[in-house]
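Before any comments, here is the structure.
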Protein chains: 2
Amino acid sequence: MRSPHTLDQLVDALRCLPGIGPKSALRMAYHLLQRDRQGAQNLAHSLDNALQLIGHCELCNTFSETSLCPLCASEDRDNSLLCVVEMPTDLMMLEQTHSYNGMYFVLMGRLSPLDGIGPKEINLDKLIKRAQDGVVSEVILATNYTSEGEATAHYISELLKSRHIAVSRIARGLPMGGEIEYVDSGTLSMALLGRKSV
Amino acid sequence: MRSPHTLDQLVDALRCLPGIGPKSALRMAYHLLQRDRQGAQNLAHSLDNALQLIGHCELCNTFSETSLCPLCASEDRDNSLLCVVEMPTDLMMLEQTHSYNGMYFVLMGRLSPLDGIGPKEINLDKLIKRAQDGVVSEVILATNYTSEGEATAHYISELLKSRHIAVSRIARGLPMGGEIEYVDSGTLSMALLGRKSV
């Protein structure tokens with residue numbers, strides 16, 4: 001016996017979610033139909049809503065319902081600093097430190113040729129235009145210290161330096177509370193190389 | 001900075017999916033909005049469709065777009081046997097064995113008081129009515145051999161036996177290709193207890 005056609009379609013549709021394979025999708029479909037029809041309704045509605053309303057901020061490229069996101073529209077920020085991050089979550093983490101008052105640019109990804117994500121997919125044209133607005137005096141690269149994040153930072157720094165824009169990279173070293181005995185050797189060697197005179 | 005309201009709503013809505021916490025939901029929302037708007041559209045549409053079209057078979061309680069599922073509507077099945085399973089996937093597995101030609105009843109779950117799933121949630125009233133149709137001569141309990149599946153089978157068998165309906169339970173023992181050296185002791189002791197004269 002085959003399962004109903006509409007159910008198969010739902011299972012297929014659920015597989016567009018990252019990390020969800022056929023078994024999880026089937027489990028989700030059963031759960032939604034059997035135990036949480038209200039939730040499913042709500043999800044369908046929220047998806048429609050989000051697709052309709054959420055676009056990208058013209059300046060910083062983060063998700064926004066308005067053409068300028070609240071942060072870019074704010075008058076209290078330092079327009080001369082531009083911090084490049086991979087994802088909106090990174091932006092939020094940086095904001096939570098309360099130690100940065102400049103602007104942001106959100107790549108919405110990182111260079112990852114194997115996943116088909118090249119310079120175009122992470123909006124580098126938009127970043128270069130943004131960095132050349134005449135006000136930005138320094139671009140701070142705050143991509144992750146993963147191999148993909150590093151490659152992205154390197155690629156962007158080359159692009160910007162060839163256009164005579166000052167570029168910096170956030171520091172690498174021991175984390176707060178980090179103990180030398182327990183830290184990995186990569187971090188430790190970077191902390192040594194990046195030492196500062198006191 | 002807060003993320004857009006509609007995005008928060010989408011993240012909340014995604015959490016109705018089983019096994020999805022706040023971080024996964026955020027990752028999914030970003031993925032859908034950034035890389036797969038087509039998929040998101042499709043998902044919303046499929047959810048709406050499924051909610052509208054998929055109900056339960058009047059007889060066996062499985063998901064069905066028609067009031068009787070194809071299996072229950074079939075004329076070639078043995079109406080005197082009724083096999084009780086937890087989920088439609090279990091039904092499909094049993095059908096794939098091609099060794100059973102009776103009818104089914106799908107509980108759509110198992111007794112699990114801690115998750116708030118009691119006799120009502122697994123449609124036991126419907127099962128009892130179904131088993132007392134005058135044609136069914138034996139109910140075969142094919143719930144899982146997990147503690148919850150076992151408890152469910154026990155509960156159902158008590159209910160049915162008090163109504164003088166013959167009840168059986170699928171066998172427990174070594175799996176096909178199972179080697180005594182490697183099988184767990186619980187299975188082995190059950191295989192011993194369930195031994196048959198040859």
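Being a predicted model, the structure only gives us computed values, none of them experimental. Naming convention: chains lettered A, B, ... in sequence-line order (proteins, then strands); numbering from 1 in each chain.
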Give, as side chain, backbone, both or neither, the part of [X] having an atom under 4.5 angstrom from any heavy atom of chain A.
X	answer
B:D36	side chain
B:I54	both
B:Q52	neither
B:H45	neither

Residues in residues 119-153 of chain A near chain B [non-hydrogen atoms, under 4.5 Å]: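 The residues closer than 4.5 Å to chain B, in numerical order, are A:E121, A:N123.
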Side chain to side chain, [X] and [Y], heavy atoms closer than 4.5 Å:
X	Y	answer
B:L47	A:Q41	no
B:L10	A:L43	yes
B:L53	A:L7	no
B:D12	A:N42	no
B:M28	A:I20	yes

message: Hydrophobic clusters here meaning ILVMFWY residues chained together by side-chain heavy-atom distances under 4.5 Å, can you tell me if A:I165 and A:Y155 are in one?
response: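 Per the 4.5 Å side-chain linkage, A:I165 and A:Y155 are co-clustered.
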- prompt: Given the rule that I, L, V, M, F, W and Y join up when any side-chain heavy atoms are under 4.5 Å apart, are A:L32 and B:V11 in one cluster?
  reply: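 Result: yes, single cluster for both.
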- request: Give the member of B:S46, B:S24, B:G55 that has the highest number of heavy-atom pairs under 4.5 Å with chain A.
  value: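 Top count of heavy-atom pairs under 4.5 Å with chain A: B:S46.
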- request: Using a cut-off of under 4.5 Å on heavy-atom pairs, state which of B:H56, B:H31, B:Q34 scores highest against chain A.
  value: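 Highest number of pairs under 4.5 Å: B:Q34.
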field: Hydrophobic cluster of A:L59, others only, ordered by chain and residue number, side-chain cut-off 4.5 Å
entry: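 Other cluster members: A:L68.
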task: Give, for atom CG of B:L51 and atom OG1 of A:T6, the distance between the pair rounded to the nearest 0.5 Å.
output: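 One gets 11.0 Å once the value is rounded to the nearest 0.5 Å.
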task: Please name the pair of heavy atoms, one in A:C16 and one in B:A40, separated by the smallest distance, quoted to 0.1 Å.
output: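 Here A:C16 and B:A40 meet closest at SG-N, 4.4 Å.
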Atom group of A:L33 that falls short of 4.5 Å from chain B, counting heavy atoms: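 Contact with chain B involves both backbone and side-chain atoms of A:L33.
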query: Quick one: what part of A:R15 sits under 4.5 Å from any heavy atom of chain B, side chain, backbone, both or neither?
result: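 It is neither, since no heavy atom gets under 4.5 Å.
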message: Taking atom CZ as the centre, does B:R163 end up with more than 12 heavy-atom neighbours from other residues, nucleotides or ligands that are less than 6.0 angstrom away?
response: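 Enclosed.
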- request: Let me see the working for B:Q9 and A:N49 under side chain to side chain contact (heavy atoms under 4.5 Å, CB included), right down to the final yes or no.
  value: CA-CA 9 Å; B:Q9 277 180 338; A:N49 241 2; 4.1 Å; yes
message: For a side chain to side chain contact (heavy atoms under 4.5 Å, CB included) check, start with the C-alpha distance between B:T89 and A:Y30, then their side-chain angles and the critical distance, and finish with the verdict.
response: CA-CA 10 Å; B:T89 30; A:Y30 284 167; 3.9 Å; yes
